[in-house]
> 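Got a structure for you, questions after.
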Amino acid sequence: MDQHRSHNPNSSHQNRQSAYKRERDDSGKNHCENKHSRPNHPQYQSGPTPGQNPLSSRGLSTRREQYEKDFPVYKQPVEVGCFSLDSERRFFNDNRQMRYYVEPDRSPNFDLRDGYKDRFIKRDDSVKEKLDHMLRWILANRSKLSSRGTAASSCALDVDFVTWRGHLTKLLTTPYETREGWLLAVTRFRGTLYISEVETEAARRDQENRTERHEEMMYWGYKFEQYTCADNVHSLPDPGGVVNTNEAFCTVVQTRLADHRLLFSGEVDCRDKDPNAPAPPACYVELKTSAEISTPKQRSNFHRFKLLKWWAQSFLPGVPRVVAGFRDHEGVVVTVDTFPISKISHLIKNEQNCWKPTVCMNFCCEFLSFVKHIATEDNPSVVYLLSWEPHRDVTFSIHRDSQYSFLPHWYVEEMTRSQDSH
Ligand code: A3P
Ligand code: MG
C-alpha cells in the first residue's frame, strides 16, 4: 500500500502488498512512528466545556491536521479464534456459520428486492448485546489469552483493549465524520479496557423514523450476500432461501496499534473456498453493495465516503478484499467489482482533500492512549463514558453502578474465579 509506505520510514521491511508490520520487524524495537517517540503529543485539551460534568473538562481533539503524521505501527492481525451465531442468535465457539464465496458474473442482474416481503427474518436490533458474545468467546478460550506472567501481573488477559471491530471502525473514521456522533462506554477490569458502544439519542431517533424505502434498502446488502455465498465448499448459493440476519460468523483477531494490544471481533461475510487460499484472515472476503456510479460527482463521493468506510472496516482485521455489487435504483446489481484493500489508497489519490489512512490510524491510537490515561479505576461497575459530536472534541464523564455498566456478572465472576485459581 503505497500511501502507507510513503509515510512509513520502515517501508522497505514491509511486504509489498501489506501496510502491516511483520512481527519480526517490531520485536523489541521502539519504532520512530510509535507515538511515544513523537515530541508533540498528546492532543488533550484543557479548559472547561460549558454545561458538562467538570470531570469531562479535558478533551481529545478530532481535527485531521493533528493526525497527519507517520503511519503508526499496526501489526498484521492474527486470527486467534472465531465464533458463530445461529438463526436464533445462539453462540457457538466454532465456525459453523462460515460461508464460501462464489464469484458472480460481472453483470449478474441480481434482484436484491426479491424475498424482502416473504423470506426475510430480521434480527431484533432493540436487543443490545453489548460485548456479550465476545465475552463468551473469551471465557471459552481464556487459556489462549491468559498471561503466563508472574502472580504480580494485574492483567488477566494479555491485552489492553477488548472491543468490536465496528467500534474501532467508527474511531478510524471520526476525523472525517460530519454527521453522526458516538458514545463509547469504557470499563477497566483486571487491567484490560473494555469498550462497548452506547446508542446515541440521535441514532435511536433515526432508527425509529426510517422510511419503508430505507428499511428495504438495508435488506439489499444481506440479499447480495445470499447471491454470492454458499454454505459449504461444494454447494452453490441459494437465492430462493430465507435471509436471516441473526446468523453470523465472527473472527476474533489480536494485533497491536503502537503500544496498544488489541483483541477484537468482527463479522466476516465469507471466505475464499479454494483450500489452498491463505490462512484466515487473508482468505476472507467482505461483500458490499453501493449505488452504481455514472457521473464524476458520484465517483468522487464514492471515493470520499464509501471507500473510507470500506477501507477502515476491512483493514482493521486484515481482510484483504471487498467484492462490491453496484446496483441501480430498482435494486438490481448491474456490475460487480473487486477492491483489494491495499489498492484503495491509490484509487483515492487524485481526489482533492480526501481522507488519509494515517489520520485514521493516528486518531485511533491517540484515542486509545487517552482512554488509558483517563480510565484509571479498575472496577467492573465503573464506566467512563466517552462522547463525541461532529466538529467537537471527545469528552468524557464517569458513572458508577449506572445504566451504562456493561460487564455482566457471569463474566466478572468467572474471570475473578479463574484468576484467583491461577
Ligand atoms: P452493504 O454493506 O452492502 O450496505 P456489512 O457490509 O458490514 O457486512 O453489512 C451487511 C449489510 O448490513 C449491509 O450491506 C447493509 O445492508 C446492512 N447494514 C449494516 N450496517 C448498516 C447500517 N449502519 N445501516 C444500514 N444498513 C446496514
Ligand atoms: Mg458486508
Side-chain angles (χ1 to χ4, degrees), residues 84-85 89 97-102 104 108 110-116 120-126 128-129 164-170 172-173 177 179-183 197 199-200 202-229 237 243-251 264-272 281 284-293 301-302 305-317 319-329 331-339 341 344:
S84 292
L85 304 173
R89 210 67 186 164
Q97 295 289 351
M98 170 84 84
R99 292 182 299 176
Y100 298 83
Y101 177 59
V102 177
F110 293 144
D111 177 7
L112 301 180
R113 305 176 88 157
D114 177 52
Y116 175 63
F120 178 31
I121 299 172
K122 187 174 179 285
R123 178 168 79 86
D124 180 356
D125 51 17
S126 68
K128 300 300 172 202
E129 300 173 325
W164 282 109
R165 177 269 307 275
H167 303 353
L168 294 173
T169 305
K170 284 199 177 172
L172 260 61
T173 58
E177 179 61 51
R179 291 197 291 218
E180 290 172 13
W182 44 250
L183 282 172
E197 190 171 32
E199 189 176 46
T200 62
R204 198 180 53 77
R205 272 199 312 272
D206 286 354
Q207 194 177 323
E208 277 171 6
N209 298 328
R210 270 187 210 133
T211 61
E212 180 51 33
R213 163 102 179 157
H214 189 187
E215 283 288 340
E216 182 177 337
M217 287 176 73
M218 288 176 57
Y219 166 79
W220 294 358
Y222 298 110
K223 184 68 189 175
F224 181 61
E225 294 174 7
Q226 189 192 51
Y227 277 114
T228 50
C229 294
V243 170
N244 184 329
T245 60
N246 287 296
E247 296 174 4
F249 166 75
C250 296
T251 179
F264 59 86
S265 175
E267 188 171 348
V268 169
D269 291 333
C270 56
R271 61 159 288 160
D272 188 329
Y284 291 151
V285 180
E286 172 60 42
L287 301 169
K288 289 288 180 196
T289 58
S290 197
E292 67 179 319
I293 296 166
N301 283 338
F302 173 74
F305 305 111
K306 270 278 159 84
L307 284 185
L308 164 59
K309 299 227 157 116
W310 292 5
W311 172 83
Q313 181 187 29
S314 290
F315 180 76
L316 279 164
V319 172
R321 61 181 160 141
V322 173
V323 171
F326 290 93
R327 44 141 181 94
D328 66 16
H329 203 66
V332 173
V333 174
V334 286
T335 50
V336 173
D337 253 322
T338 296
F339 293 84
I341 292 302
I344 287 182

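Since we're looking at a predicted model, the values are computed, not measured. Note that ligands are numbered from 1 as they come in the structure, with each ligand's atoms numbered from 1 the same way.
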> Go through ligand 1 atom by atom and flag the ones less than 4.0 Å from a non-hydrogen atom of Glu286.
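Heavy-atom distances to Glu286 below 4.0 Å select 5 (P), 6 (O), 8 (O).
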> Using a 4.0 Å cut-off to any heavy atom of Thr289, which atoms of ligand 1 qualify?
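Listed by number with element: 1 (P), 3 (O), 4 (O).
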> So, 2.8 Å as the limit: is an N/O/S atom of Glu267 located closer than that to the Mg ion (ligand 2)?
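False for Glu267.
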> Measure the shortest side-chain to side-chain distance between Phe120 and Val243 over non-hydrogen atoms and say whether it is less than 4.5 angstrom.
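Yes; the side chains approach each other to less than 4.5 Å.
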> Could you tell me if the side chain of Tyr227 sits less than 4.5 Å from the side chain of Asp111, heavy atoms only?
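Touching, per the 4.5 Å side-chain cut-off.
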> Counting C-beta onward and ignoring hydrogens, is there a side-chain heavy-atom pair between Tyr100 and Arg271 closer than 4.5 Å?
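Answer yes - side chains close enough.
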> Could you check whether any side-chain heavy atom of Ile344 comes within less than 4.5 Å of a side-chain heavy atom of Phe315, counting everything from C-beta outward?
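Of all side-chain heavy-atom pairs linking Phe315 with Ile344, none is under 4.5 Å.
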> Give the contacting part of Glu267 toward ligand 1: side chain, backbone, both or neither, where contact means a heavy-atom distance below 4.0 Å.
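Neither; nothing of Glu267 gets under 4.0 Å from ligand 1.
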> Less than 3.5 Å between some nitrogen or oxygen of Gln313 and one of ligand 1, yes or no?
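By distance alone, the answer is yes.
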> Answer yes or no for His214: is there a heavy-atom contact with ligand 1 below 4.0 Å?
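Per 4.0 Å heavy-atom rule, His214 does not contact ligand 1.
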> Taking backbone and side chain together, does Val322 place any N/O/S atom at a distance below 2.8 Å from the Mg ion (ligand 2)?
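No.
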> Looking at the Mg ion (ligand 2), is one of the N, O or S atoms of Glu225 less than 2.8 Å from it?
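For Glu225, the answer is no, given that no N, O or S atom comes within less than 2.8 Å of the Mg ion (ligand 2).
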> For atom 10 (C) of ligand 1, is the nearest protein heavy atom closer than 4.0 Å?
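Given the 4.0 Å cut-off, atom 10 (C) of ligand 1 counts as touching protein heavy atoms.
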> Check this for me, if you would: do Glu129 and Arg123 make a salt bridge, where the nitrogen-to-carboxylate-oxygen distance has to be below 4.0 angstrom?
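So Glu129 pairs with Arg123 through a salt bridge.
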> Looking at atom 14 (O) of ligand 1, is any protein heavy atom nearer than 4.0 Å to it?
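Yes, at least one protein heavy atom sits under 4.0 Å from atom 14 (O) of ligand 1.
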> Among protein heavy atoms, which lies nearest atom 6 (O) of ligand 1, and at what distance?
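It is Lys288 NZ, 2.7 Å.
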> Does the side chain of Ser290 reach to within under 4.5 Å of the side chain of Phe302, using non-hydrogen atoms?
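Yes, side chains in contact.
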> Are Met98 and Tyr284 close enough that some pair of their side-chain heavy atoms sits under 4.5 Å apart?
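In contact.
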> Scan Lys170, Glu267, Lys288 and name whichever one has a side chain to side chain donor-acceptor pair (under 3.5 Å) with Gln313.
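Of all the options given, the one that passes is Lys288.
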> Which atoms of ligand 1 are found less than 4.0 Å from any heavy atom of Leu287?
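The list of qualifying atoms is 6 (O).
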> At what distance is the nearest protein heavy atom to atom 19 (C) of ligand 1, and which residue and atom is it?
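So the nearest neighbour among protein heavy atoms is Tyr222 OH, 4.2 Å.
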> Kindly indicate whether the side chain of Lys223, heavy atoms from C-beta on, has any atom under 4.5 Å from the side chain of Asp114.
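Of all side-chain heavy-atom pairs linking Asp114 with Lys223, at least one is under 4.5 Å.
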> Do you know which of Val322, Val323, Asp269 makes side-chain contact (heavy atoms from CB on, under 4.5 Å) with Val285?
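Of the listed options, the one satisfying the test is Val323.
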> Hey, which atoms in ligand 1 end up nearer than 4.0 Å to a heavy atom of Asp269?
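In order of numbering, the contacting atoms are 8 (O).
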> Would a 4.5 Å heavy-atom cut-off, applied to side chains only, mark Val336 and Pro108 as touching?
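Counting from C-beta outward, Val336 and Pro108 do come under 4.5 Å.
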> Just to be sure I read this right, does ligand 1 sit under 4.0 Å from the backbone of Thr245, its side chain, both, or neither, counting only heavy atoms?
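No part of Thr245 is near ligand 1 at this cut-off.
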> Using a 4.0 Å cut-off to any heavy atom of Glu225, which atoms of ligand 1 qualify?
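Matching atoms, with element in brackets: 8 (O), 10 (C).
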> If you have a sec, read the angle at the Mg ion (ligand 2) from Leu287 atom O over to Glu286 atom OE2, to 10 degrees.
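Between O of Leu287 and OE2 of Glu286, the angle at the Mg ion (ligand 2) is about 90°.
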> Nearest protein heavy atom to atom 24 (N) of ligand 1, by residue and atom, and its distance?
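The closest one turns out to be Met218 CE, 4.3 Å.
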> Is atom 3 (O) of ligand 1 less than 4.0 angstrom from at least one protein heavy atom?
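Yes.
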> Do the charged groups of Glu215 and Arg210 touch, with an N to O distance under 4.0 Å?
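Between Arg210 and Glu215 there is a salt bridge, with a charged N closer than 4.0 Å to a carboxylate O.
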